[in-house]
K.L.:
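Just dropping this structure here.
Each ligand, and each atom within it, is numbered from 1 in the order the structure gives.
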Amino acid sequence: MSLTSGRFSWLTVVAISASLAAGCSKSGLESSFVYSAKTDSLIPEAQSGIKGQAGVKKMVDDRFGNPQHLKAWSKLPIDFGGVTASVGETPSGKAVKEILLQFEEGITSPSGDAVSSVQFVGGAAAGETAAVLSWDAESGKATLVSALTGSPAQGDQVVIGGGEVIRNGRVLYQRHCSHCHGTSGDGAGPTAEYLNPRPRDYRHGVFKFTSTNSSSKASREDLSRILKYGIPGTYMPSFLLLKDDELYAIVEYVRFLAMRGEFERKLVTELSVDYSKASVADQTASGTKRSEIIEALTAFLTEDFSDVANSAGDELAEAWSTADTEEALVAPTVGRVADSPESRRRGRELYLSKCADCHGVSGEGNGPQTTIFEKLPDADALYPEAGLHDEWGNVTKPRNLTQGIYRGGRRPIDLFCRMNEGIKGTKMPAFKTVFSNEDVWHIVNYVLSIPFEAEPGVSPGSIAPATPVAPAAAE
Ligand code: HEC
Ligand code: HEC
């Protein structure tokens with residue numbers, strides 16, 4: 001499936017209504033998207049808007065919709081599905097039932113069944129979706145089931161079969177993923193609370209096991225690999241049995257949920273300094289009238305908020321598109337250093353200097369760092385429990401390296417990525433500024449040998465040839 005032909009390259013936001021009703025109260029799944037706790041920390045006027053001006057919630061809904069009515073924000077690098085076209089010479093006037101459609105160069109006219117609906121995104125019929133009775137791919141003539149309310153003009157933009165990918169993704173996600181990851185991708189589905197580690201909350205836009213460098217998002221390829229193979233040593237299952245187009249649609253939907261969550265967080269960040277409940281309480285305590293604060297908020301929502309939303313969308317578009325480029329991929333400057341007792345010895349030395357503090361001298365994941373109390377990110381207080389916390393506030397133990405189970409994959413290059421770039425959203429740091437690529441390979445060789453060590457630091461390969469032991473007498 002081509003990534004560009006399916007994109008709504010010049011539309012703003014298109015509504016996609018789903019054919020299937022989502023959510024089932026018995027399963028504990030929500031039928032609408034939830035908002036983050038950060039949004040709840042704002043004063044009600046900033047959450048819900050004031051004097052007809054959108055607050056955070058409406059801004060998010062306007063661009064992403066809800067499970068039954070998803071929206072396609074064309075700015076985002078998501079393949080929502082559907083092909084864009086424009087209205088060609090078409091009879092004007094009332095009750096138009098036949099239209100001619102033209103495609104941009106390079107876009108092939110979709111055939112047969114693919115054309116079930118035409119969605120008008122510009123002109124007098126903007127917002128209308130018309131079901132298609134018949135479609136002639138050659139001439140581009142679409143006969144609509146019922147007449148349009150507004151009369152389309154030549155050049156008006158339409159989307160054919162819009163939203164198919166994302167709608168498909170939603171249905172599959174709801175079936176296979178939401179009981180763990182939640183309808184909104186908040187990682188809080190009905191089964192989530194019994195799991196350790198917890199299912200990922202996508203809304204931070206952060207994924208741990210990627211092939212991209214430390215400052216980049218996950219690529220589509222990364223998400224697809226996670227889906228196919230699952231995450232060893234956790235409850236994240238493998239979905240190898242799904243078809244390629246199903247995996248593709250789910251990946252787009254996960255990215256959609258991630259971007260929705262990040263967009264919401266970005267909006268809240270803009271507002272929280274002045275309009276969080278805590279900040280407003282402080283301001284009123286020091287004499288500012290609440291009405292003045294509300295007046296300033298109204299002005300901000302009126303004058304600046306849609307610009308804020310647009311640039312948040314631009315940032316997301318940039319970051320997520322970059323993740324799919326070659327420049328974002330981790331590319332070691334030297335090939336893998338051959339495994340040898342010397343390489344492992346060098347690796348162990350480096351390991352003891354930089355890794356043992358967390359992973360422990362013997363690699364069991366019990367270094368001294370695991371017993372300290374960390375500071376909470378947003379407060380002048382400590383976490384109630386000892387240990388290293390991740391982006392989502394969960395304690396994540398440094399991996400026990402004696403078991404040989406690696407969540408991000410066990411190929412040497414996978415381990416190279418983990419060490420060179422760190423594990424995003426966790427305290428496992430990137431070592432690319434500390435070690436040369438060559439040294440990282442030595443550590444990879446050492447780490448891969450840990451499960452086979454007779455005792456810490458003594459991997460079989462590093463033992464000098466011992467005096468042969470007499471074989472046990474055959475019984
Ligand atoms: C039985 C529960 C469960 C189900 C079902 C499940 N997951 Fe997960 N998923 C998890 C857990 C647990 C993790 C976190 C593992 C970790 O942090 O190491 C996770 C992590 C992930 C990640 C994060 C990968 C990364 O690099 O950070 C993605 C993406 C993901 N799941 C997608 C999906 C999708 C899509 C589906 C449905 C097709 C799905 N999961 C179904 C439990 C589940
Ligand atoms: C500040 C603490 C810290 C330091 C220092 C640290 N790690 Fe980690 N490491 C972690 C944590 C936490 C995890 C688990 C992250 C997760 O999956 O949530 C981890 C995970 C790993 C994994 C598992 C990767 C996978 O795919 O499952 C490997 C391998 C690893 N670290 C190796 C190293 C090596 C080698 C070094 C030194 C070069 C090192 N770590 C330094 C905290 C640390």
K.L.:
What about W73 and F80, are their ring centers closer than 6.0 Å?
P.N.:
no
K.L.:
Strictly under 6.0 Å, is that where the ring centroids of F64 and F33 end up?
P.N.:
no
K.L.:
For Y446 and R348: C-alpha separation, side-chain torsions, deciding distance, then whether side chain to side chain donor-acceptor pair (under 3.5 Å) applies.
P.N.:
CA-CA 6 Å; Y446 172 63; R348 170 145 179 98; 2.7 Å; yes
K.L.:
side-chain contact (heavy atoms from CB on, under 4.5 Å) between T396 and H389: does it pass, once the steps are laid out?
P.N.:
CA-CA 6 Å; T396 47; H389 291 77; over 6 Å; no
K.L.:
For R418, take its heavy atoms, then give the atoms of ligand 2 lying under 4.0 Å from any of them.
P.N.:
24 (C), 26 (O)
K.L.:
Would R255 and E252 pass as an ion pair if we require N to O under 4.0 Å?
P.N.:
yes
K.L.:
Is it the side chain, the backbone, both or neither of F431 that has a heavy atom closer than 4.0 Å to ligand 2?
P.N.:
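Side chain only.
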K.L.:
Touching ligand 2 at all, H359? Heavy atoms, strictly under 4.0 Å?
P.N.:
yes
K.L.:
For ligand 2, which atoms, with element, lie under 4.0 Å from some heavy atom of L401?
P.N.:
28 (C), 29 (C)
K.L.:
Check this for me: does any side-chain nitrogen of one of E264 and R203 sit under 4.0 Å from a carboxylate oxygen of the other?
P.N.:
no
K.L.:
Check each N or O atom of ligand 1 against all protein N or O atoms and list the pairs under 3.5 Å, with atom names and distances to 0.1 Å, one per line.
P.N.:
from	atom 1	to	atom 2	distance (Å)
ligand 1	7 (N)	H181	NE2	2.8
ligand 1	9 (N)	H181	NE2	2.9
ligand 1	17 (O)	R200	NH1	3.0
ligand 1	17 (O)	R200	NH2	3.1
ligand 1	18 (O)	R407	NH1	3.1
ligand 1	26 (O)	K208	N	3.2
ligand 1	26 (O)	F209	N	2.9
ligand 1	27 (O)	R200	NE	2.9
ligand 1	27 (O)	R200	NH2	2.9
ligand 1	27 (O)	K208	N	2.7
ligand 1	31 (N)	H181	NE2	2.8
ligand 1	40 (N)	H181	NE2	2.7

K.L.:
Pull out every atom of ligand 2 sitting under 4.0 Å from any heavy atom of I443, numbered as shown with elements.
P.N.:
35 (C)
K.L.:
Are Y383 and F373 near enough that their ring centres are under 6.0 Å apart?
P.N.:
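Between F373 and Y383, which both carry aromatic rings, the centre distance is not below 6.0 Å.
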K.L.:
Does at least one non-hydrogen atom of R410 fall below 4.0 angstrom from an atom of ligand 2?
P.N.:
no
K.L.:
Would you mind running through ligand 2 and noting each atom that sits below 4.0 Å from a heavy atom of L415?
P.N.:
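That gives atoms 29 (C) of ligand 2.
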K.L.:
Once you restrict to heavy atoms under 4.0 Å, what part of Q369 touches ligand 2? Side chain, backbone, both or neither.
P.N.:
neither
K.L.:
I'd like to know whether ligand 2 has D357 as a neighbour, heavy-atom separation below 4.0 Å.
P.N.:
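Not so, D357 does not reach ligand 2.
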K.L.:
Evaluate the salt bridge (Lys or Arg N to Asp or Glu O under 4.0 Å) criterion for residues D390 and K208: first the C-alpha distance (whole Å), next the side-chain angles of each, then the deciding distance (0.1 Å), finally the verdict.
P.N.:
CA-CA 10 Å; D390 65 13; K208 289 185 181 177; 3.6 Å; yes
K.L.:
Is atom CD of E318 surrounded by more than 12 heavy atoms (other residues, nucleotides or ligands) closer than 6.0 Å?
P.N.:
no
K.L.:
Looking at atom 8 (Fe) of ligand 2, is one of the N, O or S atoms of M428 less than 2.8 Å from it?
P.N.:
yes
K.L.:
Holding to side-chain hydrogen bond (donor to acceptor under 3.5 Å, both in side chains), I want the full list of residues that pass it with S109, two or more places apart in sequence or in another chain.
P.N.:
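Checked S109 against side-chain hydrogen bond (donor to acceptor under 3.5 Å, both in side chains); zero matches.
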K.L.:
In terms of atom number and element, which parts of ligand 2 are under 4.0 angstrom from non-hydrogen atoms of K354?
P.N.:
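This gives 5 (C) as the contact atoms.
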K.L.:
Which pair of non-hydrogen atoms, one from I450 and one from S362, has the smallest distance, and what is that distance?
P.N.:
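Shortest heavy-atom contact: CG2-O, 4.3 Å.
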K.L.:
Which of the atoms in ligand 2, numbered in the order shown and given with their element, are less than 4.0 Å from a heavy-atom of C358?
P.N.:
1 (C), 2 (C), 3 (C), 4 (C), 5 (C), 43 (C)
K.L.:
Considering only heavy atoms from C-beta outward, does the side chain of M428 approach that of H359 to under 4.5 Å?
P.N.:
yes
